[in-house]
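Reviewing the structure listed below.
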Number of protein chains: 2
Amino acid sequence: MGDLLERLRARGWRMTSQRRVVAEVLTGEHVHLTADEVHARAAERLPEIARATVYNTLGELVALGEVVELSTDGRAKRYDPNAHRSHQHLVCTGCGAIRDVRPTGDPLAALPDAERYGFAVSKADVTYRGLCPDCATA
Amino acid sequence: MGDLLERLRARGWRMTSQRRVVAEVLTGEHVHLTADEVHARAAERLPEIARATVYNTLGELVALGEVVELSTDGRAKRYDPNAHRSHQHLVCTGCGAIRDVRPTGDPLAALPDAERYGFAVSKADVTYRGLCPDCATA
DNA sequence: ATCCTACAATGGACGAAGTCCAAGTCAAGA
DNA sequence: TCTTGACTTGGACTTCGTCCATTGTAGGAT
């Protein structure tokens, strides 16, 4: 994780202060931030960073496979820096909290050929939903 | 399926021409329309129907469990009238086409208790992704 | 160390998707 | 048929994201 900046440089990324800050914000906390949250945290260190730059940088990180984009709720997309360990997501139906989870087996295996309709199926994104402990008692 | 209007009436729905048209548009074609597409099709029969009415009606149908809301791509939500037969979705990464699919087993069973973090997990939404036959050859 | 230039950042306008609300309309029970 | 509360309308507004012309700069070349 800590060598994200190394990997990016090795891939020919031009290293700007803006990109560095965005990458650091993402890897600093293992939570699932929205683009605006990333922008807010980045702006604490680099006050004049533009929203468009954050969007661009996030898009590049996603394209490079360093970050996973989630749209669990039809609202703002969230960015998950935990891209190198395959996992799924558990979302609270009350407060929207998100946890990374690792189900057993390969979710793809549950889809028989007869249900693939000729698609070259390459991945399965699973969103488990339910009330988190805090919301259950509240 | 055809008795959706019956069920709605039985639940105390006030039956207006707008609601009838929206319900008919959804059940008429077994595809996954966006709210704007539903509005466009409804407007063919009822030209002055408001967008807000379509949104309201779709929201009510979802709340009643008659329709399932999908946000597979972070763009416009889609509405799936096939709510009474449990299924998942297969989405083309090229063109966005969506098919209903039925994996084997219960996706929830793949999430061990140790991975539930105290959540009362109640459902699992699975999105399989891959290229459809048309996009694969193009 | 300095220069060049292609790549990156800026910021403000724009667009898509969806929500809100005050005023008008109407379904259906009395 | 009358009444009334639920429903619809349409336009303003919000949120999330994209676009683009201009300005800035990282990093290789000299």
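Given the structure is predicted, the values throughout are model-derived calculations rather than measurements.
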Rounded to whole Å, CD of A/E69 lies from P of D/dG17 at a distance of 8 Å
Taking only Lys NZ, Arg NE, NH1 and NH2, and the carboxylate oxygens of Asp or Glu, determine whether A/R45 and A/E24 approach each other closer than 4.0 Å.
yes
If I compare all heavy atoms of B/A83 with all of B/V68, which pair ends up nearest, and what's the gap?
CB-CG2, 3.8 Å
Heavy-atom nearest pair, B/P81 first then B/V31, reads CD-O, 3.7 Å
Given A/V22, which of A/T53, A/T57, A/V67 fulfils the side-chain contact (heavy atoms from CB on, under 4.5 Å) condition?
A/T57
Using side-chain heavy atoms (C-beta onward) and a distance below 4.5 Å, is A/V121 in contact with B/L90?
yes
Closest-nucleotide ordering on DNA chain C, the 5'-leading residue of B/A35 and A/Q18
A/Q18
Assuming nearest nucleotide by heavy-atom distance, tell me which of B/R75 and B/R19 is located more 5' along DNA chain D.
B/R19
Provide the start and end nucleotides, 5' to 3', of the part of DNA chain C that has atoms under 4.0 Å from heavy atoms of chain B.
C/dA16 to C/dA28
5′-ward residue of the pair B/G74/B/I49 relative to DNA chain D:
B/I49
Can you tell me how far C1' of D/dC7 sits from CG of B/L8, to the nearest Å?
15 Å
Across the strands shown, which category fits B/R51 at heavy-atom distances under 4.0 angstrom: base, sugar-phosphate, nothing?
base
Contact between A/Y128 and B/K123 at the side-chain level, heavy atoms closer than 4.5 Å - yes or no?
no
Length of the line joining A/L58:CG and D/dT18:C1', which is rounded to integer Å:
14 Å
Residues two or more places apart in sequence or in another chain: which of them pass side chain to side chain donor-acceptor pair (under 3.5 Å) with B/R116?
none
Using a 4.0 Å heavy-atom cut-off, write out nucleotides 20-30 of chain D from 5' to 3' as B (base contacted by protein), S (sugar-phosphate only) or - (no contact).
------BS---
I need the single residue from B/D125, B/D80, B/T127 that forms a side chain to side chain donor-acceptor pair (under 3.5 Å) with B/H89. Which is it?
B/D80
Atom NZ of B/K77 to atom P of D/dT15: distance rounded to whole Å?
15 Å
Can you tell me which residue among A/Q88, A/H32, A/R85 is in a side chain to side chain donor-acceptor pair (under 3.5 Å) with A/D100?
A/H32
Upstream residue (5' side of DNA chain C) when B/A76 and A/G12 are each assigned their closest nucleotide
A/G12
